[in-house]
Amino acid sequence: MSTHFSPLKNDTFLRALLRQETDYTPVWLMRQAGRYLPEYRASRQGAGSFMSLAKNPDFATEVTMQPIDRFNLDAAILFSDILTVPDAMGLGLYFEEGEGPKFERPLKDEQAILDLKVPEEGSLQYVFDAVTQIRRTLDGRVPLIGFAGSPWTLACYMVEGQGSREFHGIKSMMYKRPDLLERILSLNAQAVATYLNAQIDAGAQAVMIFDSWGGALADGAYQRFSLKYMQDILNQLQREKDGQRIPCIVFTKGGGLWLEDMAAIGADALGLDWTVNLGQARARVGDKVALQGNLDPAVLFAEPDQIRQQVTATLQSYGKPSAGQGHVFNLGHGISQFTPPESVQVLVETVHEVSRQQRLQA
Ligand code: CP3
């Protein structure tokens, strides 16, 4: 596919990630394409399953565009899943109706770990094709975000075989056989770096690493088993494409205690969950990184006036834009499937209106 794309008409999101001045605070939502949208549920039913949506670039494009067509969002995110990478390593990803993701062949023993290899070339081509097709369809309306899971978060699913509360399997391995875990993590880091670079080549204009389970780690273990491998990825990432900086966002859910460490690995921005105060976070990371977040997704179950109040409070907690640009508004984690779509409309309008007013008052 050719990679000549239309010029960007709205670069507010990219500017905020690079801590440049913006007329208002840009906003997008983690999992903005998903089951809370009736049009997503219809597409998913048409495709038959989550994986057939994700593996077909036409469907992936259709679903990525749904929230962009409905709301005035400032970024689009590739429709896919973090677990496509271990799937391409041969673990066999599947989704059972009403349940989370599972692997047919989790890493059950030492031999499986020794046999593990990075994905074969071409096995993730459907993702890169989707990126290029989405970027074309966007036609410069807003930037496109590519993404991947962190090596640690991927390893959690690869070892447990599914989501987990206690992470008994992987944490036992971490303390009993750290060498085996480190082998998985190195491989994952290599695979994710290649994967993100290919997304950038295909047209992704920013990338995000989702470390959803980093917050399950002890202090010390987080730095050694999660952060270090995200840094390895950042070291290998292409940070510029066609003369444009490609910003990278790192999001460790539950990582609020480690912001200084996270700000030191070379990311352009940190994602924050709702346990963190944005202004305090900004004071701690200084001018090293932009911040993305961090409204509690449950706010979207409240009434419009209450949503407006909470969104305004989050914007205010960051501090006046004059004191430093560099805020991307988002939720503190993915949007719930039970969210009324009208609540998202209220959120997006409020972020734009209130943040414009803040700049006039600054
Ligand atoms: O943000 C977006 O709109 C882009 C798409 C996206 C999906 N998953 C689509 C999806 C992204 C960025 C992800 C990331 C992802 N996937 C993470 C990291 C972010 C996080 O939430 O912590 C994780 C841990 C996964 C693994 C995963 N995939 C889980 C735990 C689930 C089940 C969750 C649920 O809500 O049921 C999925 C499935 C999934 N990935 C869905 C979507 C829209 C729902 C699938 C469906 O249609 O049934």
Side-chain angles (χ1 to χ4, degrees), residues 27-56 59-68 70-71 73 75-87 91 93-103 127 130-131 134 142 144-158 160-165 167 192 195-196 199 204 206-216 226 230 249-255 271-274 292-294 297 328 330-339 344:
V27 54
W28 71 280
L29 304 180
M30 290 188 268
R31 294 270 178 95
Q32 63 191 20
R35 284 172 296 183
Y36 74 104
L37 290 177
E39 57 269 37
Y40 171 84
R41 296 194 296 268
S43 300
R44 188 183 188 281
Q45 203 165 16
S49 70
F50 174 81
M51 284 310 277
S52 36
L53 265 188
K55 288 201 168 174
N56 178 321
F59 276 131
T61 302
E62 175 181 308
V63 165
T64 301
M65 294 304 294
Q66 287 169 348
I68 303 299
R70 209 190 237 264
F71 311 112
L73 294 158
I77 180 162
L78 161 71
F79 185 81
S80 189
D81 198 83
I82 62 168
L83 300 180
T84 54
V85 170
D87 181 56
L91 274 66
L93 175 63
Y94 68 102
F95 288 84
E96 258 165 32
E97 195 62 47
E99 285 179 62
K102 289 190 180 162
F103 285 118
V127 177
V131 168
I134 295 163
V142 290
L144 175 60
I145 307 167
F147 70 89
S150 75
W152 161 256
T153 294
L154 295 179
C156 286
Y157 287 96
M158 293 161 79
E160 302 289 343
Q162 58 187 57
S164 169
R165 263 177 202 282
F167 300 101
V192 166
Y195 182 61
L196 288 177
Q199 289 185 36
V207 292
M208 175 154 165
I209 302 175
F210 286 89
D211 185 29
S212 308
W213 300 118
S226 183
M230 294 198 283
I249 309 162
V250 166
F251 172 52
T252 291
K253 179 153 186 290
L272 302 175
D273 66 35
W274 57 83
Q292 174 175 282
N294 68 342
V328 173
N330 205 314
L331 300 175
H333 199 197
I335 190 167
S336 156
Q337 61 171 309
F338 305 111
T339 305
V344 174

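No hydrogens, no waters, no symmetry mates; every other heavy atom, side chains included, goes into these values. Indexing begins at 1, ligand by ligand and atom by atom, following the structure's order. From a predicted model like this one, the values you see are computed outputs, not experimental measurements.
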Please identify which of these residues, Tyr40, Phe147, Phe59, meets the ring-ring contact (aromatic ring centres under 6.0 Å, His included) condition with Phe79.
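Looking at Tyr40, Phe147, Phe59, the match for Phe79 under the ring-ring contact (aromatic ring centres under 6.0 Å, His included) is Tyr40.
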Parallel under 30°, tilted from 30 to 60°, perpendicular over 60°: which one fits the rings of Tyr157 and Trp213?
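Ring orientation, 0 to 90° scale: tilted.
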Arg31 and ligand 1 - part of the residue with a heavy-atom distance under 4.0 Å
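Both backbone and side chain.
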At under 4.0 Å between heavy atoms, is it the side chain or the backbone of Ser80 that contacts ligand 1, or both, or neither?
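Near ligand 1, Ser80 shows its backbone, while the atoms from C-beta on stay back.
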Using atom types as modelled and distance alone, determine if a side-chain donor or acceptor of Thr153 lies under 3.5 Å from a backbone N or O of Ser212.
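Looks like yes, one N/O pair under 3.5 Å.
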Would you check if the side chain of Thr84 reaches a backbone N or O of Ser80 as a donor-acceptor pair within less than 3.5 Å?
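No, the answer is negative, given that no donor and acceptor are paired below the 3.5 Å cut-off.
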Take Ile335 and Val344 through the test side-chain contact (heavy atoms from CB on, under 4.5 Å) and record every step on the way to the result.
CA-CA 9 Å; Ile335 190 167; Val344 174; 3.6 Å; yes
Where ligand 1 meets [X] - atom numbers and elements under 4.0 angstrom, heavy-atom basis:
X      : value
Phe79  : 43 (C)
Ser212 : 18 (C), 19 (C), 20 (C), 22 (O), 24 (C)
Gln32  : 1 (O), 2 (C), 3 (O)
Met30  : 1 (O)
His333 : 20 (C), 21 (O), 22 (O)
Leu78  : 4 (C), 5 (C)
Phe95  : 28 (N), 37 (C), 38 (C)

Heavy-atom nearest neighbour of atom 47 (O) of ligand 1 within options Trp28, Phe50, Tyr40
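That would be Tyr40.
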Option set Gly149, Pro67, Pro101, criterion heavy-atom distance to atom 32 (C) of ligand 1, minimum:
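Looking at heavy atoms only, Pro101 sits closest to atom 32 (C) of ligand 1.
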Please verify whether a non-hydrogen atom of Trp213 lies at under 4.0 Å from ligand 1.
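It does not, in that no heavy atom of Trp213 comes within the 4.0 Å cut-off of ligand 1.
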Gln337 heavy atom under 4.0 Å from ligand 1:
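For ligand 1, residue contact (heavy atoms, under 4.0 Å) with Gln337 is absent.
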Quickly, which of Val250, Val27, Ile249 forms a side chain to side chain contact (heavy atoms under 4.5 Å, CB included) with Gln292? Name it, please.
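The residue from Val250, Val27, Ile249 that satisfies side chain to side chain contact (heavy atoms under 4.5 Å, CB included) with Gln292 turns out to be Ile249.
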What is the distance from atom CD of Gln337 to atom CG of Leu37, rounded to the nearest 0.5 Å?
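Those atoms lie 12.0 Å apart.
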Does ligand 1 come near enough to [X] that some N or O of the ligand is less than 3.5 Å from an N or O of the residue?
X      : result
Arg35  : yes
Tyr157 : no
Gly100 : no

Using the test side chain to side chain donor-acceptor pair (under 3.5 Å), find all partners of Glu99 that sit at least two apart in sequence or belong to another chain.
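For Glu99, the residues satisfying side chain to side chain donor-acceptor pair (under 3.5 Å) (neighbours in sequence not counted) are Lys102.
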Is there a donor-acceptor contact under 3.5 Å linking the side chains of Ser49 and Tyr94?
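Distance-only check fails for Ser49 and Tyr94.
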